[in-house]
Amino acid sequence: MSGEFSMDILKDLQARGLIYQSTDLDALQDRLSKGPITLYCGFDPTADSLHIGHLVTVLTLRRFQLAGHHPIALVGGATGLIGDPSGRTSERTLNSREIVTEWTEKLKKQLSRFLDFESSSNPAKMVNNYDWIHSLDVITFLRDIGKNFTINSMLAKESVSSRLERGISFTEFSYMILQAYDFYQLHEKYQCELQVGGSDQWGNITAGTELIRRMHEEKVTVHGLTLPLITKSDGTKFGKSASGAVWLDPEKTSPYAFYQFLLNVDDHDVIKLLKVFTFLSLEEIKELEQEVATRPEKRVAQRTLAEEVTRLVHGEEALKRAVNITQALFHGEIRKLTAQEIAEAFQDVPSATITDHQLPLVDVLVQTGAAKSKREAREFITNGAVTVNDVKVTDLTIKVDELDHLAGKYLVIRRGKKNYYLCELAQA
RNA sequence: GGAGGGAUACCAAAGUGGCCAACUGGGGCGGACUGUAAAUCCGCUGGCAUUCGCCUUCGUAGGUUCGAAUCCUACUCCCUCCA
């Protein structure tokens, strides 16, 4: 990914709707026109995986790298121990050091997939702020760093002021200083001149640009950029599925579920999402917009979005499986699935193991969770809502033995359009 | 401190001795339609029982009655008004 240097990165970001706030866009444009810049974005280990929302900033780092700049992905091994108050209404619960270390490692692994660390011209870097913060002694912290912040300006930040009513610990209150210090460190070590982050990071980013300015007697200017929170046309935040967050970790959200999530986005949102989450050119996206307008039922835009992003996050092989599973599940071809595909498709689907082959299907529905009670199970069967291995079942008294078994031991139960349950038959 | 009103199923809200497992609306879930969409229409929405039917539920605990969500008593919580 040694991409040729491009001066149009800001224009591209702007056209994709990716710029929310910035310190001084003209000054940044000016700086960018003079040559490659080093920039960074931080990710705190607040969970054992990044989710689809994080992708907005991660991919922005990648966009900068593709444009010839030097991206640094920072994992917050130290800041994750403190807790960022930004965008939160209540105090965080501290996680143990062991947990944070474990999560830090997982994030590093995930992040590394999106950047090129081997490039000969502009390789990416991965850093952990634990490396410089854990050894920071309290006297240095208060004398050399803290002296550059006034309580007044700290209280004025949204992240703090919104919490004064309900309360905020000194720990979280101090968070912005650590993030500012990160920016300072990266500026000193790597000449990092730009920090990007989500819209809730504005206060922390400007704390950093301020600190750097003061540490250099006002002679140095660095830049900050925030990206918008991605919302759907109904105004709600993008990235939550019925079963919770959409994770990048395939163990937490299977590539199939990930693909499905994107395939199902609303017509009103898909173009915006293509701009944010894919590297397709704006011309290509324009064509897809035409498709949505003229042949919405084809869902070419959604399909493209799902394919592009799934490939990016999970790779070509996982994408193929996801497409295959989708084909099988929604076009009545469950029988064509391989054992591995069955496992993936039903990874996070409720399941049950049955040893009594004389059990009525009604009970199987209850045991797998497809129905809450036998009464409800009968209702579903009567309504024609139940399918076993693609065959609609309407017989209330049918037993496990009388049904067809997939691969000799599976009952793939579908209730309604998209609710799947797996029942495995075992020997008693 | 005084006066009054209220607590019903996921939410809202009827019911004021038997016809109440509880009107109605929303939500949810199914079905039809469709683009794995939106809108619309139809059905279901305490549990068990293949039928009769049985069991648990209307703030909590008791009581009256053949029979209570509905009447009585005590308790808990909430709201409004006057101080």
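Atom set for the values below is all heavy atoms of this structure, side chains included, hydrogens, waters and symmetry mates excluded. Residue numbering restarts at 1 for every chain, and letters A, B, ... go by the order of the sequence lines. Every value quoted in this text rests on a predicted model; they were computed, and no experiment measured them.
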**Item:** Inter-nucleotide C1' distance (B:rU60, B:rA7), Å rounded
**Value:** 11 Å
**Asked** Is it true that the side chains of A:T382 and A:E379 contain a donor and an acceptor less than 3.5 Å apart?
**Response** no
**N or O in side chain of A:K418 less than 4.0 angstrom from B:rA37 OP1/OP2** = yes
**Request:** Answer with base, sugar-phosphate or nothing: what part of the nucleic acid does A:D267 contact at a heavy-atom distance below 4.0 Å?
**Result:** base
**Fill in**
5'-most contact on RNA chain B (nearest-nucleotide basis), A:E379 vs A:K417, goes to A:K417
**Request:** Return no unless some side-chain N or O of A:N383 is found under 4.0 Å from OP1 or OP2 of B:rC42.
**Result:** no
**Request:** Examine B:rC48: is either OP1 or OP2 under 4.0 Å from a nitrogen or oxygen in the side chain of A:S373? Give yes or no.
**Result:** yes
**Request:** Check every strand shown and say whether A:T326 touches a base, only sugar-phosphate, or nothing at a heavy-atom separation below 4.0 Å.
**Result:** base
**Asked** With sugar-phosphate meaning primed atoms plus P, OP1 and OP2, does A:R375 contact a base, only sugar-phosphate, or nothing at under 4.0 Å between heavy atoms?
**Response** sugar-phosphate
**Asked** Can you find an N or O donor on one side and an acceptor on the other, under 3.5 Å apart, linking the side chain of A:Q260 with the base of B:rU36?
**Response** yes
**Request:** Classify the nucleic acid contact of A:F330 as base, sugar-phosphate or nothing, counting any heavy atom under 4.0 Å across all strands shown.
**Result:** base
**Message:** I need the CZ-P distance between A:F261 and B:rU36, as an integer number of Å.
**Reply:** 19 Å
**Message:** Do A:R62 and A:F279 form a cation-pi contact, if we require the NZ or CZ to be under 6.0 Å from the six-membered ring centre and within 45 degrees of the ring's axis?
**Reply:** yes
**side chain to side chain contact (heavy atoms under 4.5 Å, CB included) between A:L396 and A:R378, worked out** = CA-CA 6 Å; A:L396 278 174; A:R378 285 190 208 100; 3.6 Å; yes
**Message:** Need one value for A:R295: base, sugar-phosphate or nothing, where a base atom within 4.0 Å counts as base even if backbone is also close, heavy atoms only.
**Reply:** nothing
**A:K374 side chain near B:rG47 phosphate (N/O to OP1/OP2, under 4.0 Å)** = no
**Message:** Need to verify one output field. Residue with the more 5' nearest nucleotide on RNA chain B, A:V265 or A:R378?
**Reply:** A:V265
**Request:** Looking at every strand, decide which applies to A:L329 at a 4.0 Å heavy-atom threshold: base, sugar-phosphate, or nothing.
**Result:** nothing
**Message:** Using side chain to side chain contact (heavy atoms under 4.5 Å, CB included), reason through A:L39 and A:V196 one step at a time and then give a plain yes or no.
**Reply:** CA-CA 7 Å; A:L39 73 151; A:V196 302; 4.2 Å; yes
**Prompt:** In terms of side-chain heavy atoms of A:R415, which of B:rG35, B:rG30, B:rU36 is nearest?
**Reply:** B:rG30
**Asked** Any side-chain N or O of A:R299 less than 4.0 Å from the OP1 or OP2 oxygen of B:rA37?
**Response** no
